[in-house]
There are 2 protein chains.
Amino acid sequence: MTADQLSLTFAALADPTRRALLELLSVRDMAVTELAAPFDISLPAISKHLKVLARAGLIEQGREAQVRPCQLKAEPLKAAADWVGIYRQHWDESFDRLDDYLKELQAKPAGRERKH
Amino acid sequence: MTADQLSLTFAALADPTRRALLELLSVRDMAVTELAAPFDISLPAISKHLKVLARAGLIEQGREAQVRPCQLKAEPLKAAADWVGIYRQHWDESFDRLDDYLKELQAKPAGRERKH
DNA sequence: TTAGTATTTAACCATACGGTTAAGTAACAC
DNA sequence: GTGTTACTTAACCGTATGGTTAAATACTAA
């Protein structure tokens with residue numbers, strides 16, 4: 001318990017059912033029963049998985065009548081991606097892509113130029 | 001058990017001690033005692049963490065006399081980064097960077113031009 | 001052979017995880 | 001009110017996790 005955010009995020013991602021739930025939610029917001037449909041496990045099991053995802057800040061649940069629609073909140077994934085990204089140079093034997101990446105970062109440092 | 005590779009990888013990353021071990025190994029190969037030095041936990045505890053990392057394919061241990069040097073193997077992190085990367089568009093409210101990223105991918109599709 | 005260094009394995013403990021079924025709660029529909 | 005739908009919570013179970021200490025292993029050094 002009292003785990004740091006990054007540990008919570010990675011722990012949440014360490015289960016294939018939870019990853020699949022996030023994939024469903026990346027398409028659109030969904031109710032719990034709707035989310036549970038593709039899986040062979042009980043609704044309470046799904047409810048528990050959603051709780052883990054919520055604790056990690058990866059989803060938020062609203063309320064509309066009896067339905068509790070779930071929404072993806074991907075922000076914590078950014079920190080996870082950043083942490084893993086540090087090792088890019090290690091898995092990419094050639095450093096070409098790191099080079100490119102660094103160049104890209106320097107090319108557009110912070111400012112967000114308009115596009116579409 | 002018999003968890004898929006991605007689950008093993010994320011589970012291995014879900015502990016701050018193990019992430020710190022990987023960070024140490026990203027600098028250079030290290031022996032177990034050497035790796036354990038910065039931590040307040042027992043050597044067997046470190047040994048267990050290393051076993052988890054090894055099972056996830058994130059390290060390999062050799063042997064030199066009594067010493068068992070550990071080496072970082074970052075390949076599994078690539079798959080993790082790829083999975084998380086799918087959500088880039090979701091955490092980046094503006095889609096600018098996705099645009100850039102897609103453009104970048106189209107600009108240099110596969111070929112790996114020399115550099116340094 | 002004996003001793004020392006480096007590391008793992010064994011045995012144990014408490015807590016967390018992923019699942020179950022059964023019971024509880026919340027909002028609508030009649 | 002009663003019932004129905006959509007969940008969540010409670011209680012339980014087996015296994016995994018993260019830690020401990022103590023014993024075993026593997027190799028080097030004397």
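Letters go in sequence order (proteins before strands), and every chain restarts at 1. These figures come from a predicted structure and were not determined experimentally.
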Rounded to whole Å, how long is the line connecting atom CZ of B:Phe39 with atom P of D:dG18?
14 Å
Is the side chain of B:Ser26 donor-acceptor paired with the backbone N or O of B:Glu23 at a distance under 3.5 Å, no angle test?
yes
Minimal non-hydrogen separation, A:Gly62 against A:Arg68, with atom names:
O-CG, 2.9 Å
Please confirm whether the shortest side-chain N or O distance from B:Ser42 to OP1 or OP2 of D:dT20 is below 4.0 Å.
yes
B:Arg63 atom CZ is separated from C:dT8 atom C1', nearest whole Å, by 10 Å
Within this structure, what is the CZ-to-C1' distance between A:Arg55 and C:dC17, rounded to whole angstrom?
12 Å
Of the listed nucleotides (D:dA22, D:dC7, C:dG18), which one gets closest to any side-chain atom of A:Lys48?
C:dG18
Nucleotide of C:dA27, C:dG18, C:dT20 approaching A:Ile41 most closely (side-chain heavy atoms):
C:dT20
Between CD of A:Glu64 and P of C:dA26 the distance, given in whole Å, is 18 Å
Gap between atoms CE and C1', on A:Met30 and D:dC7 respectively (whole Å):
15 Å
Need one value for A:Ala45: base, sugar-phosphate or nothing, where a base atom within 4.0 Å counts as base even if backbone is also close, heavy atoms only.
base
Counting the atoms with a prime plus P, OP1 and OP2 as sugar-phosphate, which does A:Gln61 contact under 4.0 Å by heavy atoms, base, sugar-phosphate, or nothing?
sugar-phosphate
d(CZ, A:Phe10; P, C:dC17) in whole Å
17 Å
Regarding the side chain of B:Thr17, the nearest nucleotide among D:dT21, D:dG19, D:dT8 is D:dG19
Apply salt bridge (charged side-chain N to carboxylate O under 4.0 Å, His left out) to the pair B:Asp15 and B:Lys48, showing each step before the final yes or no.
CA-CA 12 Å; B:Asp15 183 280; B:Lys48 279 188 181 184; over 6 Å; no
To the nearest 0.5 angstrom, please state how far the CZ atom of B:Arg19 sits from the OG1 atom of B:Thr17.
9.0 Å
I want to check one thing: is the phosphate of D:dG18, taken as OP1 and OP2, less than 4.0 Å away from some side-chain N or O of B:Arg18?
yes
Starting at CG of B:Leu43 and ending at P of C:dA10, how long is that distance when rounded to a whole Å?
17 Å
A:Arg68 side chain near C:dA26 phosphate (N/O to OP1/OP2, under 4.0 Å):
no
Does a side-chain N or O of A:His49 approach OP1 or OP2 of C:dC17 to a distance below 4.0 Å, or not?
no
Same apolar cluster: B:Val52 and B:Leu13, side chain cutoff 4.5 Å
no
Between atom CG in B:Leu35 and atom C1' in C:dT8, what is the gap in whole Å?
15 Å
If only side-chain N and O atoms of A:Lys51 are considered, is one of them under 4.0 Å from the OP1 or OP2 phosphate oxygen of D:dT9?
yes
First encountered from the 5' end of DNA chain C, between A:Val52 and B:Ile46:
B:Ile46
Using heavy atoms to find the nearest nucleotide of DNA chain C for A:Gln66 and A:Ala14 separately, return the residue whose nucleotide is more 5′.
A:Ala14
